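First comes the structure, then the notes that go with it.
Note that the structure is a prediction, hence the values are computed from the model and not measured.
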Amino acid sequence: MATDTPIRIGVMGCAEIARKVSRAIHLAPNATIAAVASRSLEKAKSFATSNGYPESTKIHGSYEAILEDPEVDALYVPLPTSLHVEWAIRAAEKGKHILLEKPVAMNVAEFDKIVAACEANGVQIMDGTMWVHNPRTAKLKEFLSDSDRFGQLKTVQSCFSFAGDEDFLKNDIRVNPGLDGLGALGDAGWYAIRATLLANNFELPSTVTAFPGAVLNEAGVILSCGASLTWEDGRTATIYCSFLANLTMEITAIGTNGTLRVHDFIIPFKETEASFTTSTKAWFNELVTAWVNPPSEHTVKTELPQEACMVREFARLVGEIKNKGAKPDGFWPSISRKTQLVVDAVKESVDKNYEQISLSGR
């Protein structure tokens with residue numbers, strides 16, 4: 001209910017992505033920014049000012065201080081991946097609900113420790129994958145689960161690439177082994193893997209094999225890689241992620257009866273609407289010079305940007321726990337964990353000279 005007090009969110013770390021999520025918190029009807037923390041008070045102050053934070057926002061000069069703030073219900077944590085395990089556990093132990101930037105950890109063992117702390121303290125955790133909260137995504141799932149229009153999934157391809165400039169490839173935290181050491185795989189690959197899992201109803205693949213030809217920087221961080229995934233019943237998938245190729249973000253899912261295509265699945269071309277194309281039982285004309293039943297385009301209007309939809313859903317779950325004694329929703333950590341498991345398997349395959357990695361029993 002809109003009459004409930006908004007959930008008070010603290011922003012823990014002034015990363016670039018925090019600008020976008022701060023705006024999303026402003027836009028979400030059931031959330032408000034209560035506090036911001038940086039390791040320097042000056043940085044936190046200037047971040048609050050430049051991002052139009054409310055006057056009432058508390059400014060903290062350390063991460064410890066925001067954890068102790070009694071007027072913060074939940075924390076948005078955009079810290080470098082290597083810091084997640086420490087600070088997410090500390091946040092959970094202080095009873096703060098957590099919206100955690102992706103990738104959620106350096107590996108699934110770290111994430112399992114975070115989840116254990118969340119479960120022990122009854123706090124909600126959700127990762128910062130925004131596109132799954134876009135109203136378009138519900139329509140994608142609807143088509144994929146339609147046995148008439150789509151049929152049985154056979155294969156899915158997903159990619160996310162963008163061309164980082166010289167400064168990015170030299171200085172960004174995503175190319176630094178001590179900060180975001182999973183590189184393009186943890187950043188861009190996370191999205192392609194999540195799309196692949198979503199199309200497969202979050203059923204983990206049985207094998208993951210990286211393609212030869214991954215590009216690593218001098219520090220050993222992945223700048224570009226691809227992988228193939230297989231399932232027991234013959235379904236397959238390929239993913240590709242790169243910091244070295246033109247901005248592209250695609251999903252193609254092919255079923256026995258239909259095909260789904262999305263060309264802007266992570267960041268829609270426009271903030272106010274999002275499209276996708278479907279085709280069902282497409283075929284050729286008699287002379288095989290043209291298509292019968294060619295693909296059609298569908299557009300979904302978005303009243304709130306997808307990142308605000310994410311904050312709204314996170315705040316709704318926190319409100320249910322805070323005001324009604326509900327249990328945290330286990331769906332979100334379960335899909336974070338599956339995404340991280342596949343990320344780990346691709347990395348392991350790259351590290352082991354493109355060996356096939358079995359996921360059974362993980």
Side-chain angles (χ1 to χ4, degrees), residues 7-15 17-18 21 25 31 33-39 58 60 62-129 132 173 178-182 186 190 194 197 202 204 310-311 313-344 347 362:
I7 295 302
R8 301 163 303 178
I9 299 179
V11 175
M12 190 172 176
C14 302
I17 185 75
V21 176
I25 299 168
I33 294 179
V36 59
S38 177
R39 284 169 302 185
K58 283 208 222 149
H60 294 291
S62 73
Y63 300 147
E64 285 86 356
I66 202 168
L67 292 183
E68 300 296 338
D69 191 331
E71 290 169 2
V72 169
D73 300 309
L75 289 169
Y76 167 60
V77 182
L79 299 173
T81 312
S82 58
L83 298 179
H84 287 186
V85 68
E86 178 190 348
W87 290 103
I89 288 172
R90 290 176 73 169
E93 287 170 348
K94 293 290 181 186
K96 308 297 189 197
H97 303 276
I98 303 163
L99 182 60
L100 185 62
E101 236 351 296
K102 31 67 48 191
V104 287
M106 289 303 296
N107 53 60
V108 86
E110 285 190 356
F111 186 62
D112 284 344
K113 288 180 191 164
I114 295 171
V115 172
C118 290
E119 287 175 352
N121 293 281
V123 301
Q124 181 67 52
I125 184 165
M126 177 190 278
D127 74 47
T129 310
V132 296
I173 64 167
L179 295 171
D180 277 348
L182 295 170
W190 179 273
R194 174 64 59 86
L197 288 170
F202 296 105
L204 278 170
M310 172 182 76
V311 171
E313 177 59 12
F314 174 68
R316 184 188 74 76
L317 293 169
V318 171
E320 293 283 315
I321 297 163
K322 184 184 169 185
N323 304 319
K324 300 177 187 166
K327 291 267 183 284
D329 185 345
F331 170 74
W332 296 106
S334 81
I335 66 171
S336 302
R337 185 178 196 276
K338 287 175 178 178
T339 311
Q340 185 76 45
L341 259 178
V342 177
V343 166
D344 289 6
K347 183 167 190 319
R362 290 205 189 183

Which atom pairs, one a donor and one an acceptor, fall under 3.5 Å between side chains of residues 108-120 and the rest of the protein, sequence neighbours left out?
from   : atom 1 : to     : atom 2 : distance (Å)
Glu110 : OE1    : Met106 : N      : 3.0
Asp112 : OD1    : Arg337 : NE     : 2.7
Asp112 : OD2    : Arg337 : NH2    : 3.0

- Query: Do Thr339 and Trp190 pass the side chain to side chain contact (heavy atoms under 4.5 Å, CB included) test, and can you show the C-alpha distance, the side-chain angles, and the key distance before you say yes or no?
  - Reply: CA-CA 7 Å; Thr339 311; Trp190 179 273; 3.5 Å; yes
- Message: For a 4.5 angstrom cut-off between non-hydrogen side-chain atoms, does Arg362 reach Leu204?
- Response: no
- Looking only at heavy atoms, the pair that brings Ile98 and Ala88 closest together is CD1-O, 3.3 Å
- Heavy-atom closest pair (Leu79 atom, Gly13 atom, distance to 0.1 Å) is CD2-CA, 4.0 Å
- Item | CG on Leu83 to CE on Met12, rounded to 0.5 Å | 9.0 Å
- Task: Verify, without hydrogens or angle tests, whether Glu71 (side chain) and Ala34 (backbone) share a donor-acceptor contact under 3.5 angstrom.
- Result: no
- Query: Hey, is the main chain of Phe314 close enough, under 3.5 Å, to the side chain of Gln124 for a donor-acceptor pair?
  - Reply: no
- Does any non-hydrogen side-chain atom of His97 lie less than 4.5 Å from one of Val123? yes
- Message: Is any side-chain heavy atom of Val11 closer than 4.5 Å to one of Val21?
- Response: no
- Query: Any side-chain heavy-atom pair from Trp87 and Leu75 closer than 4.5 angstrom?
  - Reply: no
- Task: Applying side chain to side chain contact (heavy atoms under 4.5 Å, CB included), run through Gln340 and Lys102 and close with a yes or a no.
- Result: CA-CA 9 Å; Gln340 185 76 45; Lys102 31 67 48 191; over 6 Å; no
- Measuring from Thr129:OG1 to Arg194:CZ, what's the distance to the nearest 0.5 Å? 4.0 Å
- Atom of Ile9, atom of Val311 and distance for their closest heavy-atom approach: CD1-CG1, 4.1 Å
- Just do the side chain to side chain contact (heavy atoms under 4.5 Å, CB included) check on Leu100 and Ile125 with the steps written out, would you? CA-CA 7 Å; Leu100 185 62; Ile125 184 165; 4.1 Å; yes
- Item | CG-NZ distance between Asp69 and Lys94, expressed to the nearest 0.5 angstrom | 12.0 Å
